[in-house]
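Nothing here was measured: the structure is a model prediction, and the numbers come from that model.
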Amino acid sequence: MKKKKYFSKKNQTQRARVSNFEERPAHRKTEFAKVNGGVFVYNKPLSVSELSKAINVPISSIIKFLFLQGKNVTINQILDDEMIGLICLEFNYDFKKEETVDAEHFEDLEIVDDPKDLSERPPVVTVMGHVDHGKTTLIDAIRNSNVAANEAGGISQAIGAYQKEVKGKKITFIDTPGHAAFTAMRARGASVTDLVILVVAADDGVMPQTLEAISHAQAANCPVIVAINKMDAPGANPRKVKEQLLAHDIVPEEYGGEVITCELSAKTGKGIEELLEAVLLRSEIMELKANPNRYAIGTVLEANLDKGEGPKATLLVQNGTLNSGDYVVVGDIYGKIRRMVNEHGEVLKSATPATPVSVTGLSAVPGAGDRFMAFPSEKEAKSIAEKRALEKQAAQRSGTAALSLSDLNNLVNAGKVQDLNVIVKADTDGSAEALKASLEKLSTDTVRIKVLMASAGGISDSDVLLAEASKALIYGFNVRPDARVRAKAEEKGVEIHLHRIIYELLDEMKDAIKGMYKAEMVEQVDGEAEVRHIYKISHVGTVAGSYVTSGVLKNASKVRVLRSGVIVYEGKIASLKRFKDDVKEVKQGYECGFMVEGFNDIKEGDLVEAYSMVEKA
């Protein structure tokens, strides 16, 4: 049953310098209960008398019916949804409860516009790809062609987004610093991108960050256009690139799929116009529309504190029109739009859907990915911002948004069907693919397991951000996160499970989806040291001259030797010294030398992680 949200309308006094239309719907919760085409529709708790009036049935008839059902009620008693449903069926009405959204939860509003109020809007595009594959060169080539065509020598402003006009139609590009920003926006509930241009070098082919970009785009459910760059480079092989993409569910049109591929050279500019035309073609198929005649709603792309102008933010208007002078709530802060400029530094009076603008007038600096909405008055904006700030504090105290195995276990026991997103990182591609297949086979009628990404390598910041955005948990097989990544995962509430034996990993997941998961003993990282010098001593072995980067390193403690995030050996410390003296422990910030029992292949740059098993609190 599709939910609809209803809004009241409020006529605004037209302000010549602010409004370019007479009426914009305000975002207020409207309470109602009425019969519509034989269906009783309501959105709030109702008393017996209120229901009687709404469905035109005598109060006595309702009370008598409920009495025969074994329920004694009075005229002013509030009825629950089950009672309302029973009464409606008895008196020949279908029924439907509409969920409403308070104004302070405006990011959850399902905006229902009359089709005749909708007009075409530009597509919003993000460029992603592996480092050194020409992503920045492509962005610069598109922007510079825009400068030459439209700016007439003007100075381009760095506002984090810009528009390009092709054949009389605009395309909005979000100039994100990489996958992290793209995912951070999704983690905050912001779906800002309509299309992803995936840049792949024709000579290098698909690389680790290409796969990462594909995972992020697929998790965001974003259509992809592939830009095969560096066609002018020796060894360019576009066919090989397309065949590699096939293995990752990116099926080009010539192979029977829907993904448009464009061969180009960002360096020479050849093929860029064809790429932009492909973007327009894809956006036409998507039929992107918005209603400019409503209060603006959208997302913060980036923000900073300017010494001269105070808090500044780049906003992407996604629906409605934002006007200079509007009162806005951005995240949990508010303000009045005092000045609004585009990427060319031109002052704007209004910004229509899919337009990026830099604004001043906010009370503080918002965060990237924060949602914003315009409101009729400063009083209302301030009140809503205060409520949102209180809710944010409460949410931070209440803990994680990501799903843990314990949460899954509890949901299964409560009989609730649950989708479980998983990210798999392993020491080899073969292990990652095997684990992906094995985990997805464990799906049941109660729990559907979806592996968002399975790849080789250590667990990184980007993996944690993707897990946060997708409410996923991370499985590491023969790999480890470093202290910084562990801290970020704890901060974001992302659960990381680490294993060395495949059947133990699978058994843990089986227990969770059967509702029998128990975590009694958990691993605790006690300390971490970075190997900086190697000393080979004859008849003794290899001594690792190291610096303790976190925690405490203790003699005889269990350790893992990590190389680029992958475990190369597990054992224990055989001896621990400070200078020439044997010591029991060395704390963070101090140097030491130690030997790992049975392992002489330790190298400079390795990380040594000391750990112990402790009882879960």
Side-chain angles (χ1 to χ4, degrees), residues 12 15 17-20 24 26-27 102-109 124 157-162 172 174-177 181 184-185 187-192 294-393 395-396:
Q12 299 290 302
R15 297 169 292 174
R17 69 181 187 84
V18 176
S19 287
N20 58 355
R24 293 186 286 177
H27 310 284
D102 290 319
E104 59 264 27
H105 302 136
F106 55 74
E107 55 270 272
D108 297 326
L109 287 172
V124 181
Q157 306 291 308
I159 71 165
Y162 59 96
T172 300
I174 299 176
D175 192 5
T176 60
M185 289 177 192
R188 293 165 178 259
S191 178
V192 294
R294 66 160 52 252
Y295 285 100
I297 186 168
T299 302
V300 178
L301 299 180
E302 60 180 44
N304 65 288
L305 185 64
D306 187 278
K307 288 182 180 178
E309 297 181 281
K312 289 182 73 173
T314 298
L315 308 181
L316 176 69
V317 179
Q318 292 174 276
N319 205 353
T321 296
L322 184 66
N323 294 289
S324 180
D326 276 356
Y327 296 101
V328 293
V329 175
V330 186
D332 57 353
I333 64 175
Y334 77 100
K336 181 180 181 180
I337 304 296
R338 302 201 179 283
R339 191 167 183 265
M340 187 161 58
V341 300
N342 63 12
E343 70 266 32
H344 310 313
E346 298 165 345
V347 177
L348 305 179
K349 287 185 177 180
S350 62
T352 52
T355 302
V357 287
S358 177
V359 303
T360 58
L362 303 178
S363 57
V365 179
D370 279 352
R371 301 284 281 168
F372 79 84
M373 181 175 276
F375 287 89
S377 68
E378 182 178 15
K379 182 181 178 182
E380 188 173 355
K382 185 177 181 181
S383 171
I384 288 169
E386 287 170 352
K387 288 178 184 176
R388 287 170 67 87
L390 289 172
E391 285 190 4
K392 182 180 177 182
Q393 291 169 10
Q396 286 172 341

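Looking at heavy atoms from C-beta onward, K312 lies out of side-chain contact with L305 at the 4.5 angstrom threshold. In this structure, V347 and M340 have side chains that are not in contact, with every pair of non-hydrogen atoms separated by 4.5 Å or more. Residues V365 and I333 fail the side-chain proximity criterion, which asks for heavy atoms closer than 4.5 Å. V317 has its side chain within reach of F372: a pair of non-hydrogen atoms, C-beta onward, lies under 4.5 Å apart. In this structure, the side chains of L316 and V124 come closer than 4.5 Å at one or more pairs of heavy atoms.
The minimum heavy-atom distance linking T321 with P353 is given by the pair OG1-CD, 4.5 Å. Here the closest heavy-atom approach between residue Y295 and residue F375 is recorded as CE2-C, 4.0 Å. The two atoms that bring A364 and P311 nearest to each other are O-CB, 3.5 Å, heavy atoms only.
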Step-by-step side chain to side chain donor-acceptor pair (under 3.5 Å) determination, T299 to R371: CA-CA 4 Å; T299 302; R371 301 284 281 168; 2.9 Å; yes

Does the side-chain contact (heavy atoms from CB on, under 4.5 Å) test come out yes or no for Q318 and V192, once each step is laid out? CA-CA 8 Å; Q318 292 174 276; V192 294; 4.3 Å; yes

Evaluate V341 against L348 for side-chain contact (heavy atoms from CB on, under 4.5 Å), listing each step before the verdict. CA-CA 6 Å; V341 300; L348 305 179; 6.0 Å; no

Give the intermediate values and the outcome of side-chain contact (heavy atoms from CB on, under 4.5 Å) for residues L322 and V328. CA-CA 9 Å; L322 184 66; V328 293; 3.8 Å; yes

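Remark: side-chain polar atoms of N323 are not paired, donor with acceptor, to backbone N or O of G325 under 3.5 angstrom. In terms of modelled atom types and a separation under 3.5 Å, the side chain of S363 and the main chain of Y334 share a donor-acceptor contact. In this structure, N342 contributes its side chain and G345 its backbone to a donor-acceptor pair below 3.5 Å. Remark: side-chain polar atoms of T172 are paired, donor with acceptor, to backbone N or O of A354 under 3.5 angstrom. With hydrogens and angles ignored, the 3.5 Å screen pairs no side-chain donor or acceptor of S383 with any backbone N or O of E380.
Between atom CG of residue L315 and atom CD1 of residue I297 there is a gap of 12.5 Å, rounded to the nearest 0.5 Å. Y327 contributes atom OH, which lies 4.0 Å from atom NZ of K336 (distance to the nearest 0.5 angstrom). Taking NZ of K349 as the reference point, atom OG of S324 lies at 9.0 Å (rounded to 0.5 Å). To the nearest 0.5 Å, atom CE of residue M373 and atom CD1 of residue I384 are 9.0 Å apart. The structure places CD1 of I174 at 10.5 Å from OG1 of T314, a figure rounded to the nearest 0.5 Å. For the atom pair OG (S350) and CG (D326), the distance works out to 9.5 Å, reported to the nearest 0.5 Å.
Between E309 and R339, at least one side-chain nitrogen of the basic residue sits less than 4.0 Å from a carboxylate oxygen of the acidic one, meeting the salt-bridge criterion.
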